[in-house]
Each structure stands twice: as structure tokens, then as C-alpha cells.
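Keep in mind the model is a prediction, meaning the values are calculated, not measured. Along the sequence shown, residues carry numbers from 1.
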Amino acid sequence: MSVTPSTSVRRAVRGPAALAVLIAAAALPGAPAAQAAARVPVHQCWVNDVPAPPGDQVNGTPGDDHIFCDSDLENVTVSGGEGNDLIEIKGLVIDSVVQGGDGDDIIRAKHLVPQNGSSMVRGNRGNDIITVATVHGNGAEHGAVVHGDDGDDTITTGSVYGAPGQYNRGGGLVTGNDGADHITTGVIDFSGRVLGGSENDTIEAAGVGPESGGLIQAGPGDDTISGLNGEILIVGEHWGTVDAGIGKDTCAVKSVSTRTSISSCEILKEGSVVERPPGKPQSPAPMTPKPAPATPDTTTPKPGPAASTPEVTGPAASTPEVTDPTAADPTAPRPEVQPGAQPGVQQGAQPVVLPGVQPGVQPGAPSVVQPGARPGVQPVNARPAGKPAVEPGARSDGS
């Protein structure tokens, strides 16, 4: 494989080649002014140290080629053809296509810059190594796309930006297609996408959706998804999505937002977090007032089970008989009642009171209550039994 042409050779060809392009465009018969002012294919390329003729095509040979372009490509298609080719683009890839063709090719390109059309890099068939600085597209008509195509490809890019258009075409896209590919990218954001394709792929990214949103979709196969050099991949803080696809996939990922989505990761490396962390969702649910606590109803108690009355099977309880010593003999002296004691109750004994009976009153006998006295209480001036009455004016000692 040949080396890069010398600086003197490139300088000698640059002036005439550019002049020939301008003359050819201006010499078109009947071309209107607008057509003359339109963009024409522009390139400054060499194929195996031989300057490529002006035009919209730069083609290699059936063998191993070295295609070198030291300026921007605009409206140009560069094809390596058969063989193991080395293609180097030092300028921007503007509305142009760079493809390796059949064979194990190496493609190195700067930024993909679609303006009036799409910009694309394709490896085609073979185990290709592709390096692109940035992949920034916008819609289906202005896509920036990197394809590995058939074979076990190694793809390395910078940031991948841009939403696709109709039929999910265009935008910023990196895809391995068929084969066991190893894809390494910068930040995937602003609806940029990275697709692994079929077989067992490895996808490493600097981040997914930190500002707007991005997608990693590994596809079928036992895939591995992680950050750069196998570190934990941060997904979020916005609409980051990781879909490992079908197969026994291994993920080293961490969700840092309620907006992210991580799925189909059968094996999680240490430090991975796939659950959405607590946080404020983008569209919070409307507030629902809590129902007031129910007030217990104290007016009408709920009927409960009937209380069972224990059956008394033993002998009937005997009721102690209350006796009055004066009942048989009305002339018998009444017993002296100490202060605070009840009549008919032995001193020191606990009186037995039947339900509905006043203390000191014989059941069935009417209570005799003096005016101003309380039932069962002896008047203060009552005469004790057995003592004579004291005459008015006489002293109590009998004198």
C-alpha cells in the first residue's frame, strides 16, 4: 500500500485541477446564471499517489488502494473498490459518500456535515475499521450515517446527534449491521441513535440523553452495553433509552432520571441501576383531594352478638336473713348503735344489702322516717333505750 503523496506534488496539482473544474462548469452551453452559481463537485484527492481527475467520483483499483483527500468533499462519492483499502479524508464530508467496497478496509474521516443532502460513510463487505469525528444529522433529507455493513467491524465516532425523518431514516445514526461489531461513540443526544444490528455486538458510549434524548438498540445476539472502557454508562438526565434486544445481554448502565428507559438487560454489572430513581416526573399527575376521615356514629350502636348468660348449675345462693331483736317483743330494749354503725349489723362485719333495699331496713317493712331525718340514720336527740326521760329544768345527773 502506497504512502501519502508529497506536499510538492499536491501543490503542483491543486491549482490546475481547481481551475479545470471552474472552466468546465462555466463552459456549459446555455447554462443559466443560477445553474452556474450552483455547487459543483469539489475534491482534492489522490489514488495511489496519482491525482484523481475532477468530477463527482473518486475510484480505487481492483487491488489494495490508498485514497487520500486533503480538503473537503462536497457532492462527491469516494469508492475503494475491491481489496483492502485505506481511505483518509482530512476535510469535511459535505453531502458526500465514502465507501470502502469489498475487503477489510480502513476509513478515517472528519465531520459528517449534511447541507443540501446526506453525508455517509460505509464499510461495505469485510471486517472494516471506521473512524469518524462527529455524526450530526437532521431529518431524512439531511442525514449523517455510518454503516459497518457485512463483517465484524470496529466503528469509533465522536458525538451522534440528530433526529430521523420519515420512515425513521436519516438523522444522526451509527449502525453495525451484520456481524459481531464493536462500536464506540461519544455522547448520543438530540435524538441520535446507535444500533448494533445482528450477532454479538459491543456498544460503548460516553453518555445517552444528557441534554435531550438518545437511543442505544443492540438488536439480536448476546450484546454488551456500557460506558467507555467498560465503565458504567450514565443514561439521562433526559430521554435516554437503552434496549439490549433479544439475547443474553450484559449491561453496565445507570439511570439518573425518571424519563429514562432501560430494558432487556439479563446480566447487570456491579454498580448498575436500571430502576428509575425517585424524582419529579415531567407531567405530574393532577392532585386528588384526600377523603375526609369517617365520623363514627355514636347514636345507634351496631348490634353485636348477644351476650351469653352463664348457666348457674350449683345450689342457689342463700340470702342472709336480717333480723330485728324487737320484732318478737316490742317491749325489748333496742340495742345500742355506735356512731357510724348500721342497726342490725354486727360490729366489724360487712353489711349485706339486697338490691333495692336501704341499709338498716327490714325487707318488706315500711320505713319510718322522722321529719328532717334521713332513712337509716338515728336522730341526734333520740333517747337511748333503757334510760329515763329527763324532765324539763332537771339536770341529767338526777339532782
> Quick one: do R108 and E88 make a salt bridge, cutoff under 4.0 Å?
Replying inline: yes

> Under the side chain to side chain donor-acceptor pair (under 3.5 Å) test, which residues partner N127, sequence neighbours left out?
Replying inline: none

> Linking I/L/V/M/F/W/Y whenever their side-chain heavy atoms sit closer than 4.5 Å, directly or via other members, would V78 and M120 fall into one cluster?
Replying inline: no

>> Quick check: closest heavy atoms across A205 and G186, and the distance to 0.1 Å?
In response: CB-O, 4.0 Å

>> Taking I87 as the starting point, is it possible to reach V97 by hopping between hydrophobic residues whose side chains are less than 4.5 Å apart?
In response: no

> What residues form a side chain to side chain contact (heavy atoms under 4.5 Å, CB included) with S198, not counting sequence neighbours?
Replying inline: D178

> Got a sec, which residues hit side chain to side chain contact (heavy atoms under 4.5 Å, CB included) with N59, two or more places apart in sequence or on another chain?
Replying inline: Q57, S79

>> When you group the ILVMFWY residues by side-chain heavy-atom contacts below 4.5 Å and let the links chain together, are V253 and V208 in the same group?
In response: yes

> If you measure from CH2 on W46 to CD1 on I67, what distance do you get to the nearest 0.5 Å?
Replying inline: 13.0 Å

>> Looking only at the side chains, is there a donor atom on one of S118 and H142 sitting less than 3.5 Å from an acceptor on the other?
In response: no

>> Could you check whether D149 pairs with R122 (Lys NZ or Arg NE/NH1/NH2 to Asp/Glu carboxylate O, under 4.0 Å)?
In response: yes

> Do the non-hydrogen side-chain atoms of H43 and V58 ever get within less than 4.5 Å of each other?
Replying inline: yes

> Roughly how far, to the nearest 0.5 Å, is the CD1 atom of I216 from the CZ atom of R193?
Replying inline: 13.5 Å

> Any luck finding a side-chain donor-acceptor pair between D65 and N48 under 3.5 Å?
Replying inline: yes

> Looking at D104, N84, D105, which hits side chain to side chain contact (heavy atoms under 4.5 Å, CB included) with D64?
Replying inline: N84

>> Within this structure, what is the CG-CD distance for the pair L233 and E204, rounded to the nearest 0.5 Å?
In response: 10.0 Å

>> What's the separation between atom CD1 in I267 and atom CG in D249, rounded to the nearest 0.5 Å?
In response: 8.5 Å

>> Just to verify, what does T134 make a side chain to side chain donor-acceptor pair (under 3.5 Å) with, not counting sequence neighbours?
In response: H111

>> Looking at E237, I'd like to know if its CD atom is crowded, meaning that more than 12 non-hydrogen atoms belonging to other residues, nucleotides or ligands lie closer than 6.0 Å.
In response: no

> Hey, what else clusters with Y161 if you join Ile, Leu, Val, Met, Phe, Trp, Tyr whenever side-chain heavy atoms sit under 4.5 Å?
Replying inline: F190

> Say you draw a straight line from OG of S257 to CD1 of I234; how long is it, rounded to the nearest 0.5 Å?
Replying inline: 12.0 Å

> In terms of hydrophobic clustering (I, L, V, M, F, W, Y; side-chain heavy atoms under 4.5 Å; direct or indirect links), are I262 and I188 co-clustered?
Replying inline: yes

> Can you tell which of D70, L73, D72 makes a side chain to side chain contact (heavy atoms under 4.5 Å, CB included) with Q44?
Replying inline: D70

> Are I183 and L173 linked, directly or through other ILVMFWY residues, by side chains that come within less than 4.5 angstrom of each other?
Replying inline: no

> Taking only residues two or more places apart in sequence or in another chain, which ones pass side chain to side chain donor-acceptor pair (under 3.5 Å) with S71?
Replying inline: none

> Rounded to the nearest 0.5 Å, how far does CG of D152 lie from CD1 of I129?
Replying inline: 11.5 Å

>> Given V132, which partner from the list I89, V98, I107, V146 fulfils the side chain to side chain contact (heavy atoms under 4.5 Å, CB included) test?
In response: V146

> Which heavy atom of G172 sits nearest a heavy atom of V160, and at what distance?
Replying inline: O-CG1, 3.5 Å

>> Please find the pair of heavy atoms, one from L228 and one from T185, that lie closest to each other, and give the distance.
In response: CD2-O, 3.6 Å

> Is it true that the side chains of H147 and N177 contain a donor and an acceptor less than 3.5 Å apart?
Replying inline: yes

>> My understanding is that only one of L112, V135, V145, L92 makes a side chain to side chain contact (heavy atoms under 4.5 Å, CB included) with S119; could you say which?
In response: L112

>> Would you say that P210 contacts V187 through its side chain, given a criterion of any heavy-atom pair below 4.5 Å between the two side chains?
In response: yes

> Of all heavy-atom pairs between E231 and S226, which one has the smallest distance, and what is that distance?
Replying inline: O-CB, 3.5 Å

